[in-house]
Amino acid sequence: MFAWLIQSKLKPKQIKQPRLEIFVLVIFLTAAAYLLFAFPAIALEATTEELVGQASSLAIDYQEDFKVNHPNFFDLLPSGNLLICRVGYQKPAVAEVTLDGQEVWSFPGVQANSALRLANGNYLLTDAGAPGSPYIPRVCEVSPQGNMVWEHRFSSLTQAPRYAERLANSHTLITLPFKIIEVTPDKKVVWSYGWGKPVPPGIPGHLACPVQATRLTNGNTLVVDRGLVGGRVFELTPQKQIVWQYGTGTYPKLEPSTQEPVSKPGYLKQPVYAVKLSDGHALIADLGTQALITVSGTGKLINIVSWQSSLAALPVLNQWWAMPLTPEKVLVAFTLTSLRSRILLLSLEK
Amino acid sequence: MVEINPSQRLLEVHLAIGGDNLGQLETLSQIAKRHGAVAAVNGGFFNSSGGLPIGALIKDGQLLSTEDLLRTAVGIKENNQLFLGYYDPAKESIPNLKHLVTAGPLLVLEGQPLWQGVVEGFRGSILKRAARTAVGVDKQGHLLFVVVDGRQKDFKAGLSLEEMAYLMVDLGAQSAAALDGGGSSAIWVKDKIVNRPSDGKERKIANAFLILHQVPVYLNEKHLFFDAPPEIEKGRVLVPLRGIFEALQAKVDWDQSTATVTAVLEDKTILLTMGKQEALINEQKVWLDVPPQIRAGRTMVPLRFVSEALGAKVIWQNNPPAIFINK
């Protein structure tokens, strides 16, 4: 609208320059959006406004028609499209869809635990590798044309990757079942954390069920360990020292009278995603208690808001994943008892 | 839990179908008893309304049901070796595969717990704590059949799929997969259910894995099962009276007062008395090496004598032990 008004009031000779300005502005905004969303290492330390831009004011209620699979993970792209990992017993795929359900890109045959769009327009997928052909756990970079640009295969389903992100130095940070590794483009491991197998809690490097590791601008790594009986989120230095941690890796027993998920300060039941803001705070989505938790840079609780009541009226069968956009807004992927799935933006009250 | 050495002589892991027909349901006890099993657990998933298996089902090498689901299949190969993995019957064949059901998820691989339930398409309450059944193999190659009770107030909550994976690792499994769970979870050992099914009673199921410890008997190449396993005494195989006579299509009559059984087939009449080595074939006296006898409440008769008396030919195979009756 604004561009049209400018153009309509300008004489033909005067049109060129404003058009260029608009063009430059669009390029700049697009590049900024890519930086924010495609390079989480940079994007995950932004103010709330920088982090989500206009996304925080979007009304998102995406509904899937598929019944044979479910949205295991998604990413909100700068275009407003969703990149969805559909997993399940038939027709698994990663697909980019518009909010009204148009599929603009898909890569079938992968049981993806995560998918991100890279700055170069390619997609970075973590394929759990099983079951189904080709049953190879791998991290792969796929072009918009569907060509395999880069692939890091793992020899066993015990190493089925859960999350991967491309770092600014072109390395790839990969979250495995019991280990986090940073690999170069030629697949050399240059940094790792964890034992690669279950070890008892308390042993340095213990990871119960990590689902996300993301590199921060200070060189540290933010780790979300979903856990087995309770989770935790912590920040690691390159020397593998924990700077701060929220959650203990355990969770207190629920009250037998209610059995409802209740967020308990200091604990995380099943964290699935965390993002660090430029003010030093971190946002954590705890799927186990359906809560969005803000903690300080030292791991102290700032705020808890729950989305439990927001979904109470819906016949939700399973919630799969949640992505905080602001301390009060969260995108949640869930399947209804009809077996149709939705990704819904929830605005929460403090 | 039942642990078996798959190389044990006369041991066989067998897949049995409810009522011996796809779509029929039976309790695990009924299936196990019909086959003279020593132990049994419930098998793969099935459609509770129609009783048909969900996914593929192979029994005795025959593909009986096919549906390509991206889930872990549990199979038994020759020599009771366990197969766990994805299997599309339309695209591939697994050498020496005898039995298979689609189940899942894969719980353990290389001795490590996996988290595959979500990507194998499981959802709803299946992902929560529940009664579970799993099968695995340990470092010695022993098979582990494990059942955990669940969803019973003041008794057991059960395990999530991830917790079940850790349990199987703790039990020594190098690889393991889940079978059908919830109210279907049941384990039968030596004539009784030894867990507490979460429905409060045994659920009727579509198929089951049985542990047989018996000399296999084949009639015209079809595997014969008896409600008590065949037993060997003095080199003679004894089988349940009613099972063998009915298989040979003879009419049987039991006289409780004289402990005498009379079997009639066409022009042949056989008379056997419990504990007596003397029998009558068309009133002709015949001497038996081993007399008919009652064992653990079952009336057992010598298989070779009965079969041959009714006109069948009996062949004993030494390695592996098996009896072939041709009629």
Side-chain angles (χ1 to χ4, degrees), chain A residues 67-73 85-92 109-113 126-135 137 155-160 162 176-178 195-198 208-211 226-229 253-254 256 259 270 316-321 334-337 339 341, chain B residues 45 54-56 67-74 84-88 90-92 102-129 151 153-154 157 159-170 173-178:
Chain A
K67 288 185 172 182
V68 294
N69 45 42
H70 42 255
N72 191 29
F73 182 98
C85 300
R86 295 181 182 132
V87 301
Y89 59 86
Q90 281 178 345
K91 298 180 180 174
V110 287
Q111 298 276 15
N113 279 323
T126 58
D127 182 2
S133 180
Y135 4 103
S155 58
S156 163
L157 290 176
T158 60
Q159 295 179 295
R162 292 182 180 152
L176 300 172
F178 300 101
W195 292 78
K197 61 182 181 182
C209 186
V211 291
R226 178 179 161 277
L228 183 64
V229 289
K253 277 194 171 179
L254 292 173
Q259 290 294 314
Q270 194 186 95
V316 175
L317 187 67
N318 293 103
Q319 293 185 42
W320 303 111
W321 204 68
F334 55 91
T335 297
L336 299 168
T337 52
L339 303 183
S341 296
Chain B
F45 296 97
I54 296 174
E67 183 185 8
D68 183 20
L69 295 185
L70 302 176
R71 285 183 175 163
T72 296
V74 174
L84 301 177
Y86 171 65
Y87 173 57
D88 180 356
K91 293 179 184 165
E92 57 197 317
T102 300
L106 194 61
L107 297 173
V108 179
L109 194 65
E110 298 163 17
Q112 287 201 23
L114 302 183
W115 182 36
Q116 291 282 121
V118 172
V119 292
E120 291 201 23
F122 291 99
R123 54 193 168 191
S125 61
I126 292 176
L127 297 175
K128 296 180 178 173
R129 283 183 171 160
R151 291 203 190 157
K153 199 177 176 186
D154 302 325
L159 297 179
S160 68
L161 288 166
E162 291 163 273
E163 291 167 337
M164 191 68 191
Y166 274 87
L167 174 66
M168 294 304 287
V169 170
D170 285 348
Q174 290 300 295
S175 58

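FYI, side chains are in, hydrogens and waters are out, and symmetry mates aren't considered; it's all heavy atoms of this structure. In the text below, chain A, chain B and the rest are named by the order of the sequence lines, each starting its count at 1.
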Validation row: B/L70, A/K91 side chains within 4.5 angstrom (heavy atoms):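 SC-SC contact between B/L70 and A/K91 ruled out.
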Note, A/V211 side chain near B/W115 side chain (heavy atom, < 4.5 Å):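 Yes, close enough: below the 4.5 Å cut-off.
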Answer with side chain, backbone, both or neither: which region of [X] has an atom nearer than 4.5 Å to a non-hydrogen atom of chain A?
X      : result
B/P113 : both
B/D68  : backbone
B/E120 : both

Heavy-atom closest contact (A/L157 atom, B/L109 atom, distance):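 Answer, listing the atom of A/L157 first, then B/L109: CB-CD2, 3.8 Å.
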Shortest non-hydrogen contact from A/A208 toward B/Y166: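 Scanning both residues, the minimum pair turns out to be O-OH, 3.8 Å.
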Go through the atoms of [X] and report whether side chain, backbone, both or neither lie under 4.5 Å from a heavy atom of chain B.
X      : result
A/A160 : side chain
A/R86  : neither
A/V316 : neither
A/C209 : side chain

Separation between OG1 of B/T102 and OH of A/Y89, rounded to the nearest 0.5 Å: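 Taking OG1 in B/T102 and OH in A/Y89, the distance rounds to 12.5 Å.
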CG on B/L114 to CD on A/Q159, rounded to 0.5 Å: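 Rounded to the nearest 0.5 Å, the CD-CG separation comes to 11.0 Å.
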Top contributor to chain A interface from B/R71, B/E110, B/E162, B/R123 [non-hydrogen pairs under 4.5 Å]: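 The option with the most such pairs is B/R123.
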Side-chain donor/acceptor of A/Q111 to backbone N/O of B/V119, under 3.5 Å: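 Yes.
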Residue pair B/F122, A/N318: steps toward the side-chain contact (heavy atoms from CB on, under 4.5 Å) verdict: CA-CA 10 Å; B/F122 291 99; A/N318 293 103; over 6 Å; no
